[in-house]
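These notes are about the structure you will find just below.
In what follows, every heavy atom counts, from backbone to side chain, and hydrogens, waters and symmetry copies are set aside. This is a predicted model, so every value here is computed, not measured.
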Amino acid sequence: MSSFTTRADAALADPILKIAVERTAGTAQAKRAIAIDAFPDFEAARTRAAAIKDHVIAHLGPYLEQFEASAIAAGAQVYWAQTADEACRIVIAICKAAGAKTVARSKSMLGEEIGLPHALEEAGIGRVETDLAEHIIQLADERPSHIIWPAMHKTSEQVSALFKAKHRTPHQEETIAAMAQSARRELRGAMLGADVGISGANFLIADSGAVCTVTNEGNAELSLVPPRVHIVTAGIEKIVPSMPHAIHMLRMLARSATGAALTQYTTFYTGPRRPGDRDGPEEMHIVLVDNGRTKMREEGLAEMLRCIRCGACMNHCVVFRQIGGHAYGGTYPGPMGAVLTPTLDGLAATRDLAHACTLNGMCQQVCPVKIPLPTLLRGWREKSWREGLEPTSMRAGLGLWAWVATRPALYRLGTAIAIRAIRLLGRKGWIARLPLAGGWTQYRDLPKPAAQSFMAQYHQEQRK
């Protein structure tokens with residue numbers, strides 16, 4: 001895999017990517033602001049949502065056992081997977097036992113996390129992604145770039161060209177509606193004819209054994225109800241105690257993700273079809289996946305387990321909106337991905353992600369469950385430093401800076417000289433090139449600094 005720096009450089013050099021990301025992230029940010037303004041006492045609702053998740057995480061074992069007992073009582077079969085590979089083996093075994101040749105899959109980031117698409121391919125089982133954006137990603141043979149809008153990195157023009165190249169009966173008109181209709185023609189038969197339906201879960205309700213899915217297209221319902229077998233893969237942190245708790249979390253999720261009061265389709269699945277039911281699967285299998293979550297709880301990252309996968313942190317992240325999701329290199333992009341990926345892929349291979357952050361705190365401000373993302377990112381930076389993973393150049397540079405910074409007179413002198421030197425490079429208020437620090441000006445200009453440092457200006461004001 002290429003390095004984060006290489007991927008980020010490629011993203012920054014792609015002007016189409018910036019347009020595509022800004023179109024969606026900018027719209028999402030604006031819609032969220034409107035939705036939050038209309039929500040009475042949203043701050044108190046955030047506090048309650050965080051408290052619900054903290055309570056569940058602190059009592060995870062009992063709630064998981066309660067969910068298992070409730071789901072079994074409702075007719076479902078429950079499995080436990082410690083690792084991603086184990087989860088995939090369980091899913092493949094269920095598919096083979098059902099004689100499945102094709103599966104219809106509703107969007108699930110947990111499925112991406114455990115590598116389920118590749119496992120199905122290796123097992124020779126056909127896979128149809130039924131979410132429109134995931135359908136786009138599958139046709140393009142790419143990874144999702146956002147947890148809510150997996151094809152955020154593509155413009156409508158690029159999607160149009162892709163559909164014309166891949167669809168059997170592509171659209172004729174260059175409109176969003178026509179492209180959606182083309183995808184509907186392509187997917188509807190595959191949804192209804194699949195042998196197995198596979199989904200994730202937005203929430204697992206402990207006291208009823210119900211599984212909640214949230215979509216805006218109805219693809220989950222079409223791909224999970226008609227097949228004979230329904231398989232759910234869900235992280236163990238998705239548990240909530242009861243339906244009222246789930247409803248509160250849904251109110252937070254929809255507003256934070258898309259700016260809507262509620263998603264178009266919110267469905268609760270409680271076991272397989274019962275006698276007298278008009279539809280539904282004959283079998284329901286639920287695979288509960290750990291894959292590092294217990295380790296996170298034990299090693300100081302329990303707050304990250306609050307995450308409800310709304311995507312608000314990345315929609316408001318200044319770094320994500322410049323480089324998109326693929327530059328992060330893992331399943332989860334943006335600030336939440338920068339915290340999660342070192343757990344999943346190891347800190348040695350992902351230490352750069354914690355540095356891809358200005359620590360401005362916007363991600364924490366918009367998080368519906370108040371995850372202290374900047375604090376967690378600083379934790380990864382500190383651990384990387386303690387374990388000697390930072391490059392020699394950084395350690396030497398910071399050592400030199402620390403030596404100067406602990407000598408105030410020398411620091412002030414150096415700052416004054418640096419300001420004057422940098423100002424000489426400015427033209428019309430901007431600096432286009434910065435010697436020995438070209439990375440700062442390779443893709444954007446820097447504002448020309450003030451004639452005096454902040455502290456010099458502060459002392460000057462104090463003397464007045």
> Is the His248-Phe203 ring centre distance short of 6.0 angstrom?
Replying inline: no

> Partners of Lys154 by salt bridge (charged side-chain N to carboxylate O under 4.0 Å, His left out), sequence neighbours excluded?
Replying inline: Glu142

> Within a strict 4.5 Å, meaning less than it, do heavy atoms of the Leu373 and Met304 side chains meet?
Replying inline: yes

>> Can you give me the closest heavy-atom contact between Ala257 and Asn315, atom names plus distance?
In response: O-ND2, 4.1 Å

> Mind checking what makes side-chain hydrogen bond (donor to acceptor under 3.5 Å, both in side chains) contact with Glu174, not counting sequence neighbours?
Replying inline: Ser160, Lys164

> So, Glu157 and Thr155: side-chain donor and acceptor under 3.5 Å apart, yes or no?
Replying inline: yes

>> Under 6.0 Å from the ring centre and within 45 degrees of the ring axis: does the NZ or CZ of Arg309 meet both conditions for the six-membered ring of Tyr332?
In response: yes

>> Glu129 vs Lys107, test: salt bridge (charged side-chain N to carboxylate O under 4.0 Å, His left out). Steps then yes/no.
In response: CA-CA 7 Å; Glu129 295 290 347; Lys107 181 168 75 70; over 6 Å; no

> Do the charged groups of Asp279 and Arg273 touch, with an N to O distance under 4.0 Å?
Replying inline: no

> Ile371 versus Met336: any side-chain heavy-atom pair under 4.5 Å?
Replying inline: no

> Out of curiosity, Glu134 CD to Ser108 OG, how far, rounded to the nearest 0.5 Å?
Replying inline: 9.0 Å

>> Please report whether the ring centroid of His55 lies less than 6.0 Å from that of His245.
In response: no

> Rounded to the nearest 0.5 Å, what separation is found between the CD1 atom of Ile231 and the CD atom of Gln77?
Replying inline: 10.5 Å

>> My understanding is that only residues two or more places apart in sequence, or in another chain, count here; which of them pass side-chain contact (heavy atoms from CB on, under 4.5 Å) with Gln66?
In response: Tyr63, Ser70, Ala206, Asp207

> What do the steps show when you test Leu359 against Arg378 for side chain to side chain contact (heavy atoms under 4.5 Å, CB included), and what is the final call?
Replying inline: CA-CA 9 Å; Leu359 299 179; Arg378 283 195 294 269; 3.9 Å; yes

> Using the benzene-type ring in the case of Trp, are the ring centres of Phe320 and His146 under 6.0 Å apart?
Replying inline: yes

>> Looking at Thr215, is its backbone amide N or carbonyl O close enough to the side chain of Glu221 to form a donor-acceptor pair, meaning the two atoms are under 3.5 Å apart?
In response: no

>> Using the side-chain contact (heavy atoms from CB on, under 4.5 Å) criterion, which residues pair with Gln181? Sequence neighbours excluded.
In response: Arg184, Arg185

> Which distance, rounded to the nearest 0.5 Å, do you find between the CD of Glu68 and the CG of Leu204?
Replying inline: 12.0 Å

> How many angstroms lie between atom OG of Ser199 and atom CG of Leu224, to the nearest 0.5 angstrom?
Replying inline: 4.5 Å

> Which distance, rounded to the nearest 0.5 Å, do you find between the CD of Glu217 and the CG of Leu222?
Replying inline: 10.5 Å

>> Can you list everything that forms a side-chain contact (heavy atoms from CB on, under 4.5 Å) with Asp290? Sequence neighbours excluded, please.
In response: Gln82, Ile236, Arg293, Thr294

>> Test of understanding: with side-chain contact (heavy atoms from CB on, under 4.5 Å), list the residues that count as partners of Thr331, not counting sequence neighbours.
In response: Met109, Glu112, Glu113, Arg143

> Say you draw a straight line from CG of Leu305 to CD1 of Ile239; how long is it, rounded to the nearest 0.5 Å?
Replying inline: 12.5 Å

> So among Thr258, Asp131, Ile148, which one has a side-chain contact (heavy atoms from CB on, under 4.5 Å) with Asn216?
Replying inline: Thr258

> Which atom names give the shortest non-hydrogen contact between Pro241 and Ile205, and what distance separates them?
Replying inline: O-CG2, 4.3 Å

>> Could you check whether any side-chain heavy atom of Met249 comes within less than 4.5 Å of a side-chain heavy atom of Lys53, counting everything from C-beta outward?
In response: yes

>> Test of understanding: with salt bridge (charged side-chain N to carboxylate O under 4.0 Å, His left out), list the residues that count as partners of Lys18, not counting sequence neighbours.
In response: none

> salt bridge (charged side-chain N to carboxylate O under 4.0 Å, His left out) with Glu173: which residues, sequence neighbours excluded?
Replying inline: none

>> Would you say that Arg228 contacts Glu283 through its side chain, given a criterion of any heavy-atom pair below 4.5 Å between the two side chains?
In response: yes

> Do you know the tightest heavy-atom contact between Trp380 and Ala354?
Replying inline: CB-CB, 3.9 Å

> Taking 4.0 angstrom as the limit, do Arg46 and Glu43 come out as a salt bridge?
Replying inline: yes

>> Give me the atom names and distance for the closest heavy-atom approach of Ala302 to Ile57.
In response: O-CD1, 3.5 Å

> Going by atom types only, do Ser145 and His326 share a side-chain donor-acceptor pair under 3.5 Å?
Replying inline: no

> So do the side chains of Val128 and Val103 get within less than 4.5 Å of each other, counting heavy atoms only?
Replying inline: no

> Can you check side chain to side chain contact (heavy atoms under 4.5 Å, CB included) on Arg23 and Ser156, steps first, answer last?
Replying inline: CA-CA 10 Å; Arg23 279 180 182 175; Ser156 57; 4.0 Å; yes

> Does the side chain of Thr27 come under 3.5 Å of the side chain of Thr24 through a donor N or O and an acceptor N or O?
Replying inline: no

> Would a 4.5 Å heavy-atom cut-off, applied to side chains only, mark Leu340 and Met296 as touching?
Replying inline: yes

> side chain to side chain contact (heavy atoms under 4.5 Å, CB included) between Lys101 and Cys95: does it pass, once the steps are laid out?
Replying inline: CA-CA 8 Å; Lys101 294 183 173 57; Cys95 289; over 6 Å; no

>> Quick check: do Ile94 and Val196 have side-chain heavy atoms less than 4.5 Å from each other?
In response: no

> In terms of side-chain heavy atoms, does His230 have a donor or acceptor partner in Tyr269 at a distance below 3.5 Å?
Replying inline: no

> Can you list every salt bridge (charged side-chain N to carboxylate O under 4.0 Å, His left out) pair that touches residues 342-351, not counting sequence neighbours?
Replying inline: Arg351-Glu390

> In chain order, what residues pass the salt bridge (charged side-chain N to carboxylate O under 4.0 Å, His left out) check against Asp277, with sequence neighbours excluded?
Replying inline: Arg274

> Who are the side-chain hydrogen bond (donor to acceptor under 3.5 Å, both in side chains) partners of Thr47, not counting sequence neighbours?
Replying inline: Lys370

> What's the shortest heavy-atom distance between Thr213 and Ala220, and which atoms?
Replying inline: OG1-CB, 4.1 Å

Got a list of side-chain donor-acceptor pairs under 3.5 Å for residues 117-125, not counting sequence neighbours?
none

> Would you say the side-chain atoms of Glu86 and Trp80 include a donor-acceptor pair closer than 3.5 Å?
Replying inline: no

>> Side chains of Thr350 and Tyr328, heavy atoms from C-beta outward: is any pair under 4.5 Å?
In response: no

>> Between Thr83 and Asp85, do the side chains contain a donor N or O and an acceptor N or O under 3.5 Å apart?
In response: no

>> For a quick test of reading the model, state the closest non-hydrogen atom pair linking Val78 to Leu288 and the distance between them.
In response: CG1-CD1, 3.8 Å

> Is there a side chain to side chain contact (heavy atoms under 4.5 Å, CB included) between Cys212 and Leu250 once you walk through the steps?
Replying inline: CA-CA 10 Å; Cys212 175; Leu250 284 167; 4.1 Å; yes

